[in-house]
Amino acid sequence: FPVTILASFPLLAKKMAQYHVTEEKDQRLCIEAARKFRDKKPFGLENTLGTEERISMKWEDDQLIECSWDDKDCFARAKIDLLQIDGDNIGTIIDHKTQMRIEKEANTFQMGFYAWIVKKLYPYITTIRTMLHYCHPDLNFYSKLYTWSNEELQTIEDEIKIKHYRDWE
């Protein structure tokens with residue numbers, strides 16, 4: 001299969017190899033599905049749901065692109081406990097916490113980072129929200145749902161870049 005096409009979807013290429021997807025027609029179907037999911041509302045579904053979403057991205061030609069978790073050039077990694085994208089392209093991230101100390105708002109830097117990386121990976125998302133779930137049996141508390149503005153996401157990106165470049169000096 002054309003290496004240039006598979007290079008655009010490194011995680012998909014790895015999974016196809018893992019599950020022995022060797023026939024070209026099956027590979028083409030997988031790649032077309034990945035393109036649809038990446039570029040627009042996925043398949044017209046009402047909801048897309050992911051748990052333990054591992055997202056990793058790297059810089060290539062001044063653009064952030066998805067890469068494998070172990071890629072040596074990886075710039076950012078996130079493990080999202082729960083990601084839901086609804087039919088209106090609204091993304092909701094829920095992060096499960098086991099600690100007893102409660103944050104009533106889900107506007108922490110960690111949640112902002114998750115919102116930022118999800119928005120970068122799925123650019124069709126129009127609104128990105130976060131929520132903390134404190135799942136300790138004595139708490140079972142959900143924070144308020146927090147909606148991130150584009151300005152806040154840009155601030156998160158700026159902070160990430162500053163830290164990254166400072167670490168490389």
Measuring only between side-chain heavy atoms, which start at C-beta, is Ile93 closer than 4.5 Å to Leu82? no

Between Glu53 and Tyr114, is any side-chain donor less than 3.5 angstrom from a side-chain acceptor? no

To the nearest 0.5 Å, how far apart are CG in Leu83 and CG in Asp95? 12.0 Å

If you round to the nearest 0.5 Å, how far is CD1 of Ile55 from SG of Cys67? 11.5 Å

With the side chain counted from C-beta on, respond yes when Phe109 and Thr155 share a heavy-atom pair under 4.5 Å apart, and no when they do not. no

Is the closest side-chain donor-acceptor distance between Gln154 and Asp158 under 3.5 Å? yes

Side-chain touch Ile90/Ile85, heavy atoms, less than 4.5 angstrom: no

In Å, rounded to the nearest 0.5 Å, how long is the span from CD of Gln110 to OG1 of Thr130? 10.0 Å

Lys58 with Glu66: basic N within carboxylate O range, under 4.0 Å: no

To the nearest 0.5 Å, how far apart are CD1 in Ile117 and CD in Glu157? 11.0 Å

Check: Leu132 main-chain N/O paired with Ser143 side-chain donor or acceptor under 3.5 Å: yes

Do you reckon Tyr124 sits in the same ILVMFWY cluster as Trp116, going by side-chain contacts under 4.5 Å, direct or chained? yes

With heavy-atom distances below 4.5 Å as the criterion, would you say the side chains of Trp59 and Leu64 are in contact? yes

Taking the side chain as every heavy atom from C-beta outward, state whether Thr126 and Asp88 have any atom pair closer than 4.5 Å. no

Parallel, tilted or perpendicular: which describes the rings of Trp148 and Tyr146, with under 30° parallel and over 60° perpendicular? perpendicular

Could you check whether any side-chain heavy atom of Met131 comes within less than 4.5 Å of a side-chain heavy atom of Lys144, counting everything from C-beta outward? no

With a 3.5 Å cut-off and no angle check, do the side chains of Arg129 and Thr92 form a donor-acceptor pair? yes

Say you draw a straight line from CG of Asn150 to NZ of Lys119; how long is it, rounded to the nearest 0.5 Å? 6.0 Å

Classify the ring geometry of Phe141 against Tyr134: parallel below 30°, tilted from 30° to 60°, perpendicular beyond 60°. tilted

If we count only N and O atoms by modelled type, under 3.5 Å, do the side chains of Ser149 and Glu152 hold a donor and an acceptor together? yes

Measuring from Asp73:CG to Met57:CE, what's the distance to the nearest 0.5 Å? 14.0 Å

Quick check: do Val118 and Ile125 have side-chain heavy atoms less than 4.5 Å from each other? yes

Could you tell me whether Asp81 and Lys79 have a side-chain N and a carboxylate O separated by less than 4.0 Å? no

